[in-house]
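Heavy atoms only: backbone and side chains are in, while hydrogens, waters and symmetry mates are out.
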Amino acid sequence: MGVREALLGLLCVQPAHGYDLKARYDSLIDPGRSLREPQVYATLNRLARDKLIDVVGEERGAGPVRRTYALTESGRRELERWLATAVQPAPHLHAELYTKVALTTLIGGSVTTLLDRQRQAHVQRMRELTPLRHSSEPSVAVLAEYALFHLEADLRWLEFTAARSTALERSFRIEESQ
C-alpha cells in the first residue's frame, strides 16, 4: 500500500493539515513505524498537482504556513477505485528467503544453519508482536494478528524446507551439472 492511498483515505474522513495526517497515519495505518515528514509533504504536493486534493485553508503563524487539505471528487473516485481493487496476494515465486536458501545450497553452505537463524529471527519478531495482539486499540491488535499469521506461515515454510534440505541439495547439484 502506498502512502498516497492512505492519505487519500484519511482525507476522506475530514480535511486536515499535513502534521495531523502524519500523526493519524503513524497511529492508525503503520503504528510500528513513523512516516517521514518530507514524504508526507511530497505526497500531498503530488496529490494536489494531480487534482486529487485541494488546499482549503492556510494558517500563518510563527512557523511555516499550515495548509489544510481536503479530498476532491476526483480524489474520492480514485480512493473508491483503489478500495474496490483486490490486493495482489503477496506470495510470489521469487522471494528473498528462498533466494538465500538456493544460493546457500549452490555454494555448499549449510541450509540448516540458514534456516535455524531465520527461524530464530521469526520467533523473536513474534515475541515482539504477541503483546500487541491484546492491545486495547483494535487497529493495533488487528495489524499485529496480520503480521503474526504471516510469520507463522513463514515458519511452516522453514520447517517444510528443512525437511527437504537433502533433496533440495541434490536437485541443485543436478541442475548445476546440466
**OP:** Dump the intermediate steps for side-chain contact (heavy atoms from CB on, under 4.5 Å) on Gln14 and Arg24, then the final yes or no.
**Re:** CA-CA 12 Å; Gln14 69 184 41; Arg24 278 194 261 160; 3.8 Å; yes
With His122 as partner, the option from Gln120, Gln124, Gln118 fulfilling side chain to side chain donor-acceptor pair (under 3.5 Å) is Gln118
- Message: Are Val3 and Ile29 linked, directly or through intermediate hydrophobic residues, by side-chain heavy-atom contacts shorter than 4.5 Å (ILVMFWY only)?
- Response: yes
Contacts satisfying salt bridge (Lys or Arg N to Asp or Glu O under 4.0 Å) that involve residues 155-165 (not counting sequence neighbours) are Arg119-Glu159
Taken in chain and number order and not counting sequence neighbours, the residues that satisfy side chain to side chain donor-acceptor pair (under 3.5 Å) with Arg49 are none
Between the CG atom in Leu148 and the CG atom in Leu129, the distance rounded to the nearest 0.5 Å is 5.0 Å
Under 3.5 Å, which donor-acceptor pairs link side chains of residues 38-46 to any protein atom two or more places apart or in another chain?
| from | atom 1 | to | atom 2 | distance (Å) |
| --- | --- | --- | --- | --- |
| Tyr41 | OH | Tyr19 | N | 3.1 |
| Thr43 | OG1 | Gln39 | O | 2.7 |
| Thr43 | OG1 | Arg46 | NH2 | 3.3 |
| Asn45 | ND2 | Tyr41 | O | 3.2 |

Output for pair (Lys22 NZ, Leu7 CG), nearest 0.5 Å, gives 11.5 Å
Heavy-atom closest pair (Leu79 atom, Gly9 atom, distance to 0.1 Å) is CD2-CA, 3.6 Å
In short, side chain to side chain donor-acceptor pair (under 3.5 Å) pairs touching residues 52-64 with sequence neighbours left out are His17-Glu59, Glu58-Arg60, Glu58-Arg67
- Task: Say whether, by atom type as modelled, one donor and one acceptor occur between the side chain of Ser165 and the main chain of Thr161 under 3.5 angstrom.
- Result: no
Contacts of Glu37 meeting salt bridge (charged side-chain N to carboxylate O under 4.0 Å, His left out) (sequence neighbours excluded), chain-then-number -> none
One should read off an interatomic distance between Tyr146 OH and Leu151 CG, to the nearest 0.5 angstrom, of 11.0 Å
Are Trp82 and Leu8 linked, directly or through other ILVMFWY residues, by side chains that come within less than 4.5 angstrom of each other? yes
### Query
Would Arg66 and Asp20 satisfy side-chain contact (heavy atoms from CB on, under 4.5 Å), going step by step from the backbone distance to the final call?
CA-CA 10 Å; Arg66 287 181 50 132; Asp20 297 330; 4.0 Å; yes
Original post:
Can you check side-chain contact (heavy atoms from CB on, under 4.5 Å) on Leu155 and Met126, steps first, answer last?
Top reply: CA-CA 11 Å; Leu155 285 172; Met126 290 176 84; 3.4 Å; yes
dist Ser110:OG -> Arg117:CZ (nearest 0.5 Å) comes out at 8.5 Å
Residues passing the side chain to side chain donor-acceptor pair (under 3.5 Å) test with Ser136, sequence neighbours excluded, are none
Closest heavy-atom pair, Ile53 versus Tyr69, reported as atoms and distance to 0.1 Å, is CD1-CD2, 3.5 Å
Contacts of Arg125 meeting salt bridge (charged side-chain N to carboxylate O under 4.0 Å, His left out) (sequence neighbours excluded), chain-then-number -> Glu128
Residues passing the side chain to side chain donor-acceptor pair (under 3.5 Å) test with Arg36, sequence neighbours excluded, are none
Check the hydrophobic clustering (I, L, V, M, F, W, Y; side-chain heavy atoms under 4.5 Å; chains of links allowed) and say if Leu71 and Tyr25 are grouped together. yes
Contacts of Ala70 meeting side chain to side chain contact (heavy atoms under 4.5 Å, CB included) (sequence neighbours excluded), chain-then-number -> Pro15, Val56
* Just do the side-chain contact (heavy atoms from CB on, under 4.5 Å) check on Leu97 and Leu158 with the steps written out, would you? => CA-CA 9 Å; Leu97 186 51; Leu158 291 169; 3.8 Å; yes
message = Would a single hydrophobic cluster contain both Leu83 and Leu47, if residues Ile, Leu, Val, Met, Phe, Trp and Tyr are joined by side-chain heavy-atom contacts under 4.5 Å?
response = yes
Residue pairs meeting salt bridge (Lys or Arg N to Asp or Glu O under 4.0 Å), one or both in residues 135-146, sequence neighbours left out, come to Arg133-Glu145
Applying side chain to side chain contact (heavy atoms under 4.5 Å, CB included) to Ser74 and not counting sequence neighbours gives Leu52, Thr72, Arg77
The side chain to side chain contact (heavy atoms under 4.5 Å, CB included) partners of Thr104 (sequence neighbours excluded) come to Val111, Leu114
